[in-house]
Amino acid sequence: LQSKSGYRAGLDAVMLAAAVPARPGERIVEAGIGAGAAALCLASRIGGLAITGIEIEAGAAALARRNAARNGFAETIKVLEADLARPGDAMRALGLEQASFDHAMANPPFYARAAARLPADPGKARAHMRDGELLERWMRLCAGLVRARGTITMILPAALLAEAMALFAGRTGALAIFPLFPREGAAASRVIIQGVKGSRAAPRLMPGLVLHGMGSDFTPQAEAILRHGRAIEALAGAGIT
């Protein structure tokens with residue numbers, strides 16, 4: 001279930017969930033869960049997870065709870081309401097403990113308000129637009145909640161790669177950069193960025209994924225993720241289905 005107008009989940013949420021290297025029994029936090037698309041995809045792929053989603057929009061949080069219940073994940077996905085632009089306040093208000101999650105994931109707002117047209121719908125504007133240090137604050141929250149050697153995974157426009165790498169630097173190592181290409185020969189439109197908290201390993205530029213073949217058809221590799229719930233194995237680990 002999604003709102004008829006305003007922000008609607010799409011391919012980014014599915015690809016984000018496919019990149020998280022979770023195992024059964026682990027705890028995952030999602031910053032900005034929205035209506036729950038990424039959390040539902042991750043819960044469908046891996047059983048036995050405990051997923052906590054944080055969302056500022058009350059309407060979206062209610063939809064995420066309904067979606068979790070409708071899909072049999074009411075006990076798996078917990079949705080809390082807080083403003084992620086104030087990470088310290090959010091953690092205290094929600095009673096979340098530092099370093100208490102195995103993985104964090106996020107599809108954060110990425111358009112700078114000064115450089116883009118503001119959507120008329122308030123929920124869509126909040127989901128897409130950011131002010132000043134918003135990305136840094138989301139990263140601060142994720143890094144605070146994840147345990148040592150846990151992972152933080154984000155999906156962002158490729159144009160924000162340099163900014164994203166700076167956010168991950170000092171907090172994570174073993175940084176994996178996974179481009180998503182609209183089609184063969186085209187520049188990447190999105191990047192999935194994943195780091196290991198506390199690691200000092202060098203960054204890796206991964207081969208990435210081509211989304212579309214001829215026309216508008218998805219490639220077999222993209223179809224395996226979008227239609228069949230497969231993981232992005234280069235990030236989430238070989239053998240996870």
Side-chain angles (χ1 to χ4, degrees), residues 11-23 26-34 38-39 42 51-54 83-88 90-91 96-112 115 127-181 187-209 231-237:
L11 181 145
D12 285 3
V14 186
M15 292 296 171
L16 174 65
V20 177
R23 297 291 189 274
E26 291 187 326
R27 301 184 71 212
I28 294 88
V29 61
E30 181 178 7
I33 191 172
L42 185 57
I51 301 174
T52 298
I54 306 174
D83 185 357
L84 296 178
R86 300 177 176 84
M91 290 176 66
L96 298 175
E97 296 182 6
Q98 293 272 358
S100 59
F101 289 87
D102 300 289
H103 309 279
M105 63 177 180
N107 177 16
F110 44 72
Y111 292 120
H128 284 291
M129 313 301 288
R130 63 187 174 101
D131 287 319
E133 298 180 348
L134 186 62
L135 283 181
E136 194 278 335
R137 292 169 184 162
W138 279 48
M139 170 57 78
R140 195 189 316 160
L141 178 103
C142 291
L145 288 174
V146 170
R147 62 169 175 79
R149 312 302 295 182
T151 69
I152 301 171
T153 307
M154 291 188 179
I155 185 166
L156 290 163
L160 295 183
L161 177 58
E163 182 178 351
M165 290 183 69
L167 292 177
F168 277 79
R171 294 182 171 104
T172 69
L175 194 64
I177 302 163
F178 189 87
L180 298 176
F181 304 98
S189 56
R190 293 283 191 272
V191 288
I192 297 172
I193 306 176
Q194 185 176 96
V196 179
K197 183 177 176 180
S199 173
R200 295 184 178 180
R204 299 167 294 153
L205 180 59
M206 313 299 286
L209 175 68
I232 296 176
E233 293 189 354
L235 293 172

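Small disclaimer: the values here were computed from a predicted structure and weren't measured.
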Colleague: Which heavy atom of F168 sits nearest to which heavy atom of G195, and what is that distance?
Modeller: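 Closest heavy-atom pair between F168 and G195: CE2-N, 3.7 Å.
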Colleague: Begin from the C-alpha positions of L161 and I193 and carry the test side-chain contact (heavy atoms from CB on, under 4.5 Å) through to its verdict.
Modeller: CA-CA 8 Å; L161 177 58; I193 306 176; 3.9 Å; yes
Colleague: Go through the steps for M139 and R171 under the test side-chain contact (heavy atoms from CB on, under 4.5 Å), then give the verdict.
Modeller: CA-CA 9 Å; M139 170 57 78; R171 294 182 171 104; 3.5 Å; yes
Colleague: Compare all side-chain heavy atoms of F101 with those of L96 and state whether any distance is below 4.5 angstrom.
Modeller: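 When only atoms from C-beta onward are counted, L96 and F101 do touch, with a gap below 4.5 Å.
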Colleague: L84 vs R137, test: side-chain contact (heavy atoms from CB on, under 4.5 Å). Steps then yes/no.
Modeller: CA-CA 7 Å; L84 296 178; R137 292 169 184 162; over 6 Å; no
Colleague: Which heavy atom of W138 sits nearest to which heavy atom of G32, and what is that distance?
Modeller: CH2-CA, 3.8 Å
Colleague: Sequence neighbours left out, cut at 3.5 Å: what donor-acceptor pairs do the side chains of residues 151-160 make with other protein atoms?
Modeller:
residue: T151; atom: OG1; partner: H103; partner atom: ND1; Å: 2.6
residue: T153; atom: OG1; partner: Q194; partner atom: NE2; Å: 2.9

Colleague: Distance from E133 atom CD to L167 atom CG, nearest 0.5 Å?
Modeller: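 Interatomic distance, E133 CD to L167 CG, rounded to 0.5 Å: 10.0 Å.
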Colleague: Tell me the closest heavy-atom pair linking A187 and F181, and the distance in Å.
Modeller: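 Minimum heavy-atom separation between A187 and F181: C-CD2, 4.0 Å.
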Colleague: How long is the straight-line distance from CG of N107 back to CE of M15, given to the nearest 0.5 Å?
Modeller: 12.5 Å
Colleague: Of all the heavy-atom pairs spanning P87 and R140, show the shortest one and how long it is.
Modeller: CG-NH1, 3.8 Å
Colleague: One thing to verify: whether E97 and R147 come together as a salt bridge, which I'm taking to mean a side-chain N less than 4.0 angstrom from a carboxylate O.
Modeller: no
Colleague: Tell me if a side-chain donor or acceptor on R200 pairs with a main-chain N or O of G173 at a distance below 3.5 Å.
Modeller: no
Colleague: I177 versus M206: any side-chain heavy-atom pair under 4.5 Å?
Modeller: no
Colleague: Kindly write out the residues that satisfy salt bridge (Lys or Arg N to Asp or Glu O under 4.0 Å) with R149, not counting sequence neighbours, or none if the list is empty.
Modeller: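 Result, salt bridge (Lys or Arg N to Asp or Glu O under 4.0 Å) vs R149: none returned.
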Colleague: Considering non-hydrogen atoms only, spot the tightest contact between L135 and E163 and give its length.
Modeller: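 Smallest interatomic distance, heavy atoms only, reads CD1-OE2, 3.6 Å.
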Colleague: So do I28 and D102 actually touch side chain to side chain, heavy atoms under 4.5 Å?
Modeller: no
Colleague: Counting C-beta onward and ignoring hydrogens, is there a side-chain heavy-atom pair between I192 and I232 closer than 4.5 Å?
Modeller: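 Yes, at least one pair of side-chain atoms sits under 4.5 Å.
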Colleague: Looking only at heavy atoms, what is the nearest atom pair of A38 and E30, with distance?
Modeller: CB-OE2, 3.5 Å
Colleague: Taking the side chain as every heavy atom from C-beta outward, state whether L134 and P109 have any atom pair closer than 4.5 Å.
Modeller: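 Counting from C-beta outward, L134 and P109 do come under 4.5 Å.
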Colleague: I'd like to check Q98 versus L145 (side-chain heavy atoms, cut-off strictly below 4.5 Å). Are they in contact?
Modeller: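 Not in contact.
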